[in-house]
Each structure stands twice: as structure tokens, then as C-alpha cells.
Amino acid sequence: MRISELFGKTQREIPAEADTASHQLLLRTGMVSQVAAGVYAYQPMGWRVLRKIESIIRDEMDKAGGQELSMPVLQPLGLWQETKRDQAFGKGLFTLADRRQRPLVLGPTHEEVITRMVSRNVQSYRDLPKLLYQIQVKFRDEPRPKGGLMRVREFSMKDLYSFDIDEAGLDQSYQEMLRAYQNIYDRCGLPTLLVEADSGAIGGKDSHEFMVIAQSGEEEVVYCDSCKYAANVEKAESAKEKIKAEKPLPIEEVATPGVTTIEDLAAFLEVPQSYTMKTLFYIADGELVFVVIRGDLEVNEVKLKNVLHCYELRLANEDEVTEKGIVAGSASPVGVRGVKVVADDSVTPGMNFVAGGNKPDTHIKNINYDRDFQADMVVDIALVRAGEGCPHCEGKLSVAHGIEVGHIFKLGTFFSETLDAFFIDEKGVSRPIVMGCYGIGLGRLLAATIEQNHDDKGVIWPRPIAPYQIYLCPLYREDTKVAEIAEKLYDELEAAGLEVLFDDRVESPGVKFNDADLLGIPVRVAVSPRTLEKDSVEMKKRAGKDAELVPLIGASTSLKEIVES
RNA sequence: CGGGGCGUAGCGCAGUCCGGUUAGCGCGCAGCGUUCGGGACGCUGAGGUCGGAGGUUCAAAUCCUCUCGCCCCGACCA
């Protein structure tokens, strides 16, 4: 490709819009162009990279036994109502109506469509297992798109769905995909961490995310320093600090004037925060829920949402609390009636807690679970923090930011049962197909790759996804000999099957070198009177420091070797 | 949805508080010339609904009202 003919220009200045490295570089290199919030056009340079990523993914999916197909973006809302996922997605679902006012959605994912399709094609255990995938655009009306391609509303995604006769089959498909995903990230030059993940409203069993550890990542990843445990903070557990059990003492009211926060309470009574009990109020799908947790811990709302099996969860406002006769700021689980109580499991082992007295300026000492109050559920709903103990070994947990570049789920039989996708097993018994789903967002993967592979001059592409392998730049193009040899070399390199970006512009060396660095093409080849004097061209790797001369004779062959090494 | 910021040429910005001739600067772009191994220089030139609508005023990029859009923080995010 001749730069003079290429659509899409590099920009010298950093666009004001962008503040992450990948976003800035995507714009400065002319790879993408924004159309609306969270909606981007790929220009030729960016599209090339995206297609390389796509073909790596396609290749790995095919190798793993996947069959590619394509499902529609436009889907009837009714299908989503059948699984109630219209509610689960809520406002995130793009909806529209056709000319006869039939409600439609722009698919945010394709479990419903594929399950329906499979139900019509699979009748027998002999038809299974199947791995079906597509690379298709998805629409999600994100509350806040951000970070360039990191979080967008329209994006290309590879989604594969596995269909098995039983759990064992699902496990096998899952392992197969896990390996395929690992290969994809390896080939894209992207180190990832496999973490346990929350499986969301649908609730399947296992779920894992592939995380790229990066400061700019919006996810929080919890991992153990000494064992392999790693989990998204939404799902992460820790060995909670054990408070040594004391003998239960009689309940005692204490006056605590003006004390409403845990911090104040602990300070006022001169006890550690872990000896206090914190109460919070949530509205779960319209119902008030009373939540109790040890004072030094925070509630993990994802866990809470999961145990409550609700679609919408938010903190209650003061009116909603007082309505139930509860005194906010001094609420107590003791004597609470007519409200669902959820207690974190940190509350049971400790004893003689301090908590609210349900009267203003009053708290109660020596509260003990079971003796003084009961909960409808005692479960782990705590947010893990750095420094806590690993639940699987003696190690300590750390927290890092990560970019989620892949997510795999064991869906189980929710969709097959809801949408009637059954098969007849060997014994003639009708059973629901056991499903899994496996997604990778292509644009996000691209952005994460840049995030991990750049310096202050620009992108440094891993070779397999670089838009071009060679940046060929003649210096002093007016010199007819330079021009002639560069043209010839360009033809030879292309003939050798290399993808060459030929900087045929009349520009100073500085401009060309800077664009070469910005675009991040792995190998730069310069032709100039200086190199020709030595019957050579100059080769410099983007990732390396030094340039070296390559003899003109056989240059295309040796450059091909360098590129492929 | 709450909080903050911003919309002036393709890009980055000044001008807005305190209204006043033809709305500036840098980059980029076009032409000519000189240069040229790490974003060269000179000369000439093109390019603007000042996000939009309404209002106030003799006069609006500037003041007022409404509105649209974009970014950041939070909420949110299978």
C-alpha cells in the first residue's frame, strides 16, 4: 500500500477527547474515527488490524471444532420476553419498532436466537455435541461508553455457543474453549490472567474472564500471591479475619449521642470496627432488604444481587427506610420485623457486636447472632480488599486493574429449558441440552493490545496483528536512484508475500520515521543515498533499538526472513 | 440518572468574565522556492452556519432562555 493512496491520516496532536493510550493512538494513527458516543468507524488501517484479529479467532474456533454461522442483529422482543432477559438487560437493550409497530431489539447477544435455532435442528443425542459461533455486531446501550474502543455501544464480537448432552460434555467443551482462548491471546501477543467471574443474572455454574492486567482497566481483579487463585472482585472471596469468640454477654443499651457512622461508633466506644455491625438498606426489585455485615467490611452488591435473584438493586433512600419504622443511622437487626434480612457470614462467628439500637443516639452492645436476631439468609456478600487472606491457601490477596478481553460461561440448561431445546437420549428420555457460551469483543481486544504494546512514540504491533509487516521509506525520493530502487524493492517485497506500507510521500526523514513509529509497523526499511553507497538498505525493528544494513542483493529474501523470525 | 468540564477551520487552542470594525494563533492543507537521516524554512494562498433555536440590544462567539452533542467522575455494565 502506498501511503499517498491510503485513506486515513496520522495526526500529530493528541485529540482532546482521548485520555487513555489506546484511545489516543487509535485516533492519531487514523485507525478509527468516532461517529457518536460509543460508536466508531474503522478506517482502513484499523480495519486491517481488526480483520487480522478476526482471522486468528476464526482459525482457533475452527480448530476447536466450531462451525461458523451468522445470526441476525434484528430480533423480535418477544423472544427476549420468553427468557425474561429483556428485564435482565433493562435499559441496556436497544429497542425499536417496525412500521407495523412490532417491537424489535438490536441483539446485545444471541443465546435466545441460537437456542431457538438449535431446538429446531437437534432432536437426538446423535446430533450433539455442537459448537456454533459467529462474529457479529452487538448492540448494548451502555450507560456510559468510555475509553475509545474499551466500552462501546456497537461492537463486533465473536460468540460461540456449545451444546452438549450433559455436564461432562459441557466441561469438555469449556476446556476446549479455554485452550482456544489461550491460543488466541498468545497469537495476539497479549498476556492474560484467567480469573473466576460472576456469571450474572442467568446464573450458570462456572464462569471465567480473561483479563489483561493494566492500570487503565475498569475491572478489579483479586489474585493470590502464593497460589493460583484469581477472581473478579465481583465474585472474589477471602478468608475473613476471624474474630475470636467470646462468651455472649447480656445485651446492653448505650447512649451514643450524634454517632451515626461505623467509624464514629468504633471510636466512641473504643472498639475495633470489626466488633461493630453495619446495617444497610437496599431496594431489590421494589422490596426493602435489610443487610447486615461486620463493621469493617463493605457489601459486594453483585453478590447481594445474586443471592437475592433480583434484576434491580439499589440503596434505599431515607424515606423508604423510615417507612418501615427503622431509624437510619442507628438501625438494628434486633427486633426487626416484616423485612427480609440478609446477613454476611462475617456476622456469625464474631460475638458481642455493637450495632444500632433502632432509637436515635442509641446503640446496643453484645449482640449475638441467633440469640438476639435472625436473618433470612446468612451468606457471603462481602467485598474483598487487598491484604485479606486467600480462601485457598495461606497467601495474601492483592488487587489490580484489568481489561476484560474474554468471558466464558457454563450456562447449563436455563435457555434450553426456557426455549424448549430438548433432545432424546440413548434411553429415549427427553432432556434439555446443556449449554455454554464464550465471547470475545474484537475492538476491545484491539484496544487492549495497544494498551499493552506502545511507547511514547506510538504503537508497537505484535507481528501477527500488525496492519503491515514492513514500512518502506525512501529518503530523498527526488534522487532518482533511491526512487527507482525503492519502487523495485516494494514490488519484490509484495511479490514475496509481505504486506508493505510504502511511504512514497515527499516528506523529510523525520516525518517518515515518526509516522513509522506511530503506526508501529514491526520492521522499518529505509532506502537512501547513504545506504545505497554501501549497496544496502537499512532495517530497523520497531521494538528494537538499533538499525542494521541489509545488502541490496537478496534484500527481499533476507527481509522476509527477518519479518518471519 | 447525579456531579464536573467542554463545543470557535481537518486537528490543538486563544478570544466569552467586562458585547463594539474585516474572529485570531499553531499544526495540517494548496502553490512556488530553498532544504532534508528523527515531526525543516521562506513567501503566497484556501479554509469559519463561533454546536443549534429563540430572545435582549443600535450591535452577540461574548448576555439571557431553551435545546443538541462530546468527554471525565460516580451510579450502571450477560
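So that the names make sense, note that chain A is the first sequence line, chain B the second, and so on, each numbered from 1.
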Under a 3.5 Å cut-off for both contacts, is [N] paired Watson-Crick or G-U wobble with anything, and if yes, with which nucleotide?
{"N": "rG45(B)", "value": "rC29(B)"}
{"N": "rG54(B)", "value": "rC64(B)"}
{"N": "rA14(B)", "value": "none"}
{"N": "rG37(B)", "value": "none"}

Remember a base hit wins even if backbone is also touched, and classify [X] as base, sugar-phosphate or nothing at under 4.0 Å, heavy atoms.
{"X": "R314(A)", "answer": "nothing"}
{"X": "E301(A)", "answer": "sugar-phosphate"}
{"X": "A36(A)", "answer": "sugar-phosphate"}
{"X": "D515(A)", "answer": "base"}
{"X": "R153(A)", "answer": "nothing"}
{"X": "M157(A)", "answer": "base"}
{"X": "S33(A)", "answer": "nothing"}
{"X": "K146(A)", "answer": "sugar-phosphate"}
{"X": "K305(A)", "answer": "sugar-phosphate"}
{"X": "P145(A)", "answer": "sugar-phosphate"}
{"X": "G107(A)", "answer": "nothing"}
{"X": "E218(A)", "answer": "nothing"}

Open item on the list: List the residues meeting ring-ring contact (aromatic ring centres under 6.0 Å, His included) with F290(A), not counting sequence neighbours, and say none if there are none.
Closed with: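 ring-ring contact (aromatic ring centres under 6.0 Å, His included) check on F290(A) returns F281(A).
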Task: For D455(A), all residues meeting salt bridge (charged side-chain N to carboxylate O under 4.0 Å, His left out), sequence neighbours excluded - done: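 Salt bridge (charged side-chain N to carboxylate O under 4.0 Å, His left out) list for D455(A), sorted by chain: R542(A).
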Task: Phosphate contact (rA78(B) OP1 or OP2) by T109(A) side-chain N/O below 4.0 Å - done: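 False: T109(A) side-chain N/O out of range (4.0 Å or more) of rA78(B) OP1/OP2.
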Open item on the list: Whether R116(A) and D420(A) form a salt bridge (side-chain N of Lys/Arg under 4.0 Å from carboxylate O of Asp/Glu) is what I want to check.
Closed with: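 Result for this pair is no, no salt bridge flagged.
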Open item on the list: Regarding E484(A) and K488(A), does a basic nitrogen lie under 4.0 Å from an acidic carboxylate oxygen?
Closed with: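 Looking at K488(A) together with E484(A), the answer is no, because their closest N to O distance does not fall below 4.0 Å.
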How many whole angstroms separate atom [atom1] of [X] from atom [atom2] of [N]?
{"X": "E13(A)", "N": "rG28(B)", "atom1": "CD", "atom2": "P", "value": "9 Å"}
{"X": "N514(A)", "N": "rG37(B)", "atom1": "CG", "atom2": "C1'", "value": "12 Å"}
{"X": "Y471(A)", "N": "rG38(B)", "atom1": "OH", "atom2": "P", "value": "15 Å"}

- [ ] Please determine, for the side chain of F513(A), which listed nucleotide (rC70(B), rA78(B), rG37(B)) has the closest atom?
- [x]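 My answer, after comparing the listed nucleotides, is rG37(B).
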Open item on the list: Does the plane of the ring in W80(A) sit parallel, tilted or perpendicular to the ring in F89(A)? Use 30° and 60° as the thresholds.
Closed with: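 Ring orientation of W80(A) relative to F89(A): perpendicular.
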- [ ] Please work out which of the three classes, parallel, tilted or perpendicular, describes the rings of F139(A) and F94(A), given edges at 30° and 60°.
- [x]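 Ring orientation of F94(A) relative to F139(A): perpendicular.
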Open item on the list: Output one letter per nucleotide in nucleotides 2-7 of chain B: B when a protein non-hydrogen atom lies under 4.0 Å from the base, S when only the sugar-phosphate is that close, - when neither is.
Closed with: ------
Answer yes or no: side-chain N or O of [X] and base N or O of [N] forming a donor-acceptor pair under 3.5 Å.
{"X": "S528(A)", "N": "rG37(B)", "value": "yes"}
{"X": "R85(A)", "N": "rA78(B)", "value": "no"}
{"X": "R12(A)", "N": "rG26(B)", "value": "no"}
{"X": "E538(A)", "N": "rG37(B)", "value": "yes"}

Open item on the list: Given the ring of F163(A), does K130(A) sit roughly above its face, with NZ or CZ under 6.0 Å from the centre of the six-membered ring and within 45° of the axis?
Closed with: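 Not flagged: K130(A) not positioned over aromatic ring of F163(A).
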TODO: Please assess E301(A) against R314(A) for the test salt bridge (charged side-chain N to carboxylate O under 4.0 Å, His left out), listing each intermediate value before the final yes or no.
DONE: CA-CA 9 Å; E301(A) 294 186 0; R314(A) 61 171 174 85; over 6 Å; no
